[in-house]
Amino acid sequence: MAETFQPDLLAGKVAFVAGASSGINLRIAQRYAAAGAKVMVISRSEEKIAAAAASIGGDAISMACDVRDYAKVAEAFARCRDAFGEIDIVLSGAAGNFLAPALGMSANAFKTVIDIDLLGTFNVLHASYQHLRKPGASLVSITAGQAVRPMMYQIHACAAKAGVNQVTKCLAMEWGPAGVRVNAVSPGPIGDTEGMARLAPNEDYVKSSKSRIPLRDWGTKDDIADACLWLASDASRYVTGAIINVDGGSELGDAGGDALTVAPR
Ligand code: COA
Ligand code: NAP
């Protein structure tokens with residue numbers, strides 16, 4: 001596929017991507033590098049994150065780091081700064097999820113997802129601050145539709161991502177005066193990802209899910225990478241505190257087939 005972006009859009013910039021060993025976040029890290037940024041990636045698995053850095057190529061570096069561990073996150077940012085200089089772009093996307101009814105979830109199960117998604121996002125954004133280029137830095141978190149639309153068997157992810165949205169908006173207010181922008185991207189269902197493998201039990205579910213989305217399809221990792229590229233670039237220089245839906249219209253509600261059977265008068 002032809003590149004849909006300016007190849008030097010992020011030339012000279014430094015990007016730090018958390019949760020980038022696979023899926024959407026890896027694609028974002030690859031996009032940032034393809035647009036000219038120097039990239040550091042982190043995730044829990046040393047082996048997976050080293051392979052991710054190799055797939056990014058160029059100057060990409062990696063470190064095994066659990067976003068729940070503030071000291072480790074701070075160490076990772078210091079390493080990125082030492083290697084590349086002041087940091088222009090931070091992408092916080094580490095997450096965990098599984099389907100479980102509230103009564104089938106221990107307090108620790110609930111806390112685990114809150115810790116990875118919400119506390120992890122706070123840790124990554126907070127620890128980044130002293131290493132950011134100010135003014136000019138752009139911070140982007142990956143949230144989800146669960147933040148605003150409650151979903152059965154997703155009490156942990158709904159609560160965590162709602163928190164991510166508020167962290168985004170609070171930091172946009174506090175850090176805007178220093179010239180630091182803080183935004184989030186909310187993907188709809190994205191094909192070929194661990195996230196949807198966990199949430200979509202079978203092909204019937206997939207078909208039914210697509211039939212209720214206004215644009216009648218799931219998105220791709222490239223759709224999310226393109227939005228994150230725009231938010232990371234100076235093309236979005238006046239955008240902060242925004243939650244950008246890249247979801248085919250999913251958040252608007254159920255646009256299922258029945259709605260189309262009403263003929264105009
Ligand atoms: N249903 C109910 N509880 C579950 C569960 C499930 N399907 N999966 C895990 N848990 C519980 C565990 O039993 C444990 O609770 P307990 O101590 O009371 O028994 C708690 O969650 C933590 O599990 P653990 O495996 O120790 O957590 P972890 O930190 O090693 O892994 C997860 C985190 C559970 C989120 C794991 O699925 C993961 O690593 N996910 C990353 C990938 C991912 O989710 N991708 C999609 C992103 S949207
Ligand atoms: P994924 O491939 O499982 O990506 C999750 C990443 O987070 C992995 O690289 C994982 O690597 C890392 N990670 C997990 N726990 C971590 C921790 N404690 N510390 C550091 N890294 C950790 O899933 P995905 O589906 O692409 O999802 C990516 C993001 O998009 C998530 O924020 C998710 O909520 C969001 N999202 C996805 C969809 C979708 O349709 N897939 C929809 C809406 C939102 P390690 O295992 O190596 O740690």
Side-chain angles (χ1 to χ4, degrees), residues 16-30 41-53 55 62-70 72-73 76 91-121 123-124 127 140-149 151 153-158 160-165 168 184-201 206 209-210 213 217-225 227-228 243-248 250-251:
F16 181 102
V17 183
S21 70
S22 57
I24 293 169
N25 305 322
L26 173 56
R27 186 64 56 87
I28 296 166
Q30 289 167 335
V41 288
I42 63 163
S43 83
R44 292 168 302 180
S45 159
E46 183 136 31
E47 202 181 322
K48 279 166 58 186
I49 202 64
S55 83
S62 67
M63 183 178 134
C65 171
D66 191 319
V67 295
R68 291 169 285 192
D69 181 343
Y70 190 95
K72 267 281 182 198
V73 173
L91 189 293
S92 172
N97 201 3
F98 48 82
L99 280 177
L103 293 178
M105 206 183 283
S106 66
N108 189 48
F110 182 83
K111 179 177 182 296
T112 297
V113 171
I114 298 289
D115 283 354
I116 300 172
D117 294 25
L118 177 53
L119 179 64
T121 294
N123 288 347
V124 166
V140 183
S141 293
I142 304 297
T143 182
Q146 286 95 321
V148 290
R149 288 185 79 191
M151 266 179 74
Y153 316 134
Q154 291 281 279
I155 192 171
H156 47 2
C158 289
K161 294 295 195 181
V164 169
N165 285 14
T168 302
V185 167
S186 182
I190 303 301
D192 191 24
T193 60
E194 181 61 26
M196 285 318 292
R198 286 171 180 239
L199 300 186
V206 174
S209 159
K210 290 180 179 175
I213 295 173
D217 202 359
W218 283 5
T220 67
K221 289 178 269 196
D222 285 326
D223 292 328
I224 307 308
C228 292
I243 312 293
I244 308 280
N245 293 335
V246 184
D247 67 352
S250 300
E251 197 183 297

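All ligand and atom numbering here is 1-based and tracks the order in the structure.
- No more than 12 heavy atoms of other residues, nucleotides or ligands lie within 6.0 Å of CD1 in I155, so this atom counts as exposed by the packing criterion.
- Summary of contacts: the protein heavy atom closest to atom 16 (C) of ligand 2 is R44 NE, 3.5 Å.
- Considering only non-hydrogen atoms, atom 44 (C) of ligand 2 lies nearest to T143 out of T143, I142, I42, D247.
- The shortest heavy-atom distance from G120 to ligand 2 is not under 4.0 Å.
- Ranked by closest heavy atom to atom 37 (C) of ligand 2, the top entry among L119, V185, I24 is I24.
- Distance from atom 9 (O) of ligand 2 to its nearest protein heavy atom, with residue and atom name: S21 OG, 2.8 Å.
- Both the backbone and the side chain of P187 come within 4.0 Å of ligand 2, counting heavy atoms alone.
- Here the protein heavy atom with the shortest distance to atom 28 (C) of ligand 2 is N25 ND2, 3.6 Å.
- A 4.5 Å side-chain heavy-atom check between I142 and P187 finds at least one atom pair inside the cut-off.
- Only the side chain of R68 comes within 4.0 Å of ligand 1, counting heavy atoms alone; its backbone N, CA, C and O stay farther away.
- Looking only at side-chain heavy atoms (C-beta outward), I224 and R27 stay at 4.5 Å or farther from each other.
- Among protein heavy atoms, the minimum distance from atom 34 (O) of ligand 2 is reached at K161 NZ, 3.0 Å.
- Across S22, A20, A94, heavy-atom proximity to atom 13 (N) of ligand 2 is greatest for A94.
- The atoms of ligand 2 that sit less than 4.0 Å from any heavy atom of M196 are 40 (O), 41 (N).
- Ligand 1 is never approached by M105 to a heavy-atom distance shorter than 4.0 Å.
- Against a heavy-atom cut-off of under 4.0 Å, G23 is close to the following atoms of ligand 2: 2 (O), 26 (O).
- Within the structure, ligand 1 has R44 among the residues with a heavy atom less than 4.0 angstrom away.
- The two atoms that bring V41 and A29 nearest to each other are CG1-CB, 3.8 Å, heavy atoms only.
- Proximity of a side-chain donor or acceptor of N25 to a complementary backbone N or O of G93 within less than 3.5 Å is detected.
- Remark: minimum distance from atom 42 (C) of ligand 1 to any protein heavy atom is reached at R198 NH2, 3.8 Å.
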Worked check of side-chain contact (heavy atoms from CB on, under 4.5 Å) between N123 and V67: CA-CA 7 Å; N123 288 347; V67 295; 5.5 Å; no

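- Considering V17, I28, I244 as possible partners of C228, the one that fulfils the side-chain contact (heavy atoms from CB on, under 4.5 Å) test is I28.
- Set against the non-hydrogen atoms of P189, the atoms of ligand 2 under 4.0 Å away are 40 (O).
- The nearest non-hydrogen atom to atom 5 (C) of ligand 2, considering only A157, C65, A95, comes from A95.
- Residue G93 places a heavy atom less than 4.0 Å from ligand 2.
- Remark: N165 CG to I243 CD1 distance equals 4.0 Å, nearest 0.5 Å.
- For ligand 2 and K48, the ligand atoms under 4.0 Å from any heavy atom of the residue are 45 (P), 46 (O), 47 (O).
- At least one heavy atom of I116 lies less than 4.0 angstrom from ligand 2.
- When only interatomic distances are considered, the shortest N/O to N/O separation between D117 and ligand 2 does not fall below 3.5 Å.
- Atom 25 (O) of ligand 2 has as its closest protein heavy atom G195 N, 2.9 Å.
- Within a 6.0 Å sphere centred on CZ of F110, other residues, nucleotides and ligands contribute more than 12 heavy atoms.
- Protein heavy atom in closest approach to atom 42 (C) of ligand 2: G188 O, 3.3 Å.
- Close approach to R68 involves these atoms of ligand 2, each under 4.0 Å from a residue heavy atom: 18 (N).
- With distances taken over non-hydrogen atoms, the option nearest atom 48 (S) of ligand 1 out of V113, L99, N97, I142 is N97.
- Side chains of V73 and D69 form no contact here, defined as non-hydrogen atoms less than 4.5 Å apart.
- Considering only heavy atoms from C-beta on, I213 comes within 4.5 Å of S209 through its side chain.
- Residues K72 and D66 are not paired through a salt bridge, judged by the lack of any N-O separation under 4.0 Å between the basic side chain and the carboxylate.
- In terms of protein heavy-atom proximity, atom 18 (N) of ligand 2 is nearest to D66 OD1, 2.8 Å.
- Residue contact check: S43 has heavy atoms under 4.0 Å from atoms 11 (O), 20 (C), 21 (N), 45 (P), 47 (O), 48 (O) of ligand 2.
- Considering S45, G195, A100 only, the shortest heavy-atom separation from atom 46 (C) of ligand 1 involves G195.
- Of the N or O atoms in S106, one or more lie within a sub-3.5 Å distance of an N or O in ligand 1.
- Side-chain atoms of N97 and Q154 include a donor-acceptor pair closer than 3.5 Å.
- Remark: ligand 2 and A144 share no N or O pair separated by less than 3.5 Å (distance only, no angle test).
- Protein heavy atom nearest atom 41 (N) of ligand 2, with residue, atom name and distance: T193 OG1, 2.8 Å.
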Stepwise salt bridge (Lys or Arg N to Asp or Glu O under 4.0 Å) check, D217 with K210: CA-CA 5 Å; D217 202 359; K210 290 180 179 175; 3.8 Å; yes

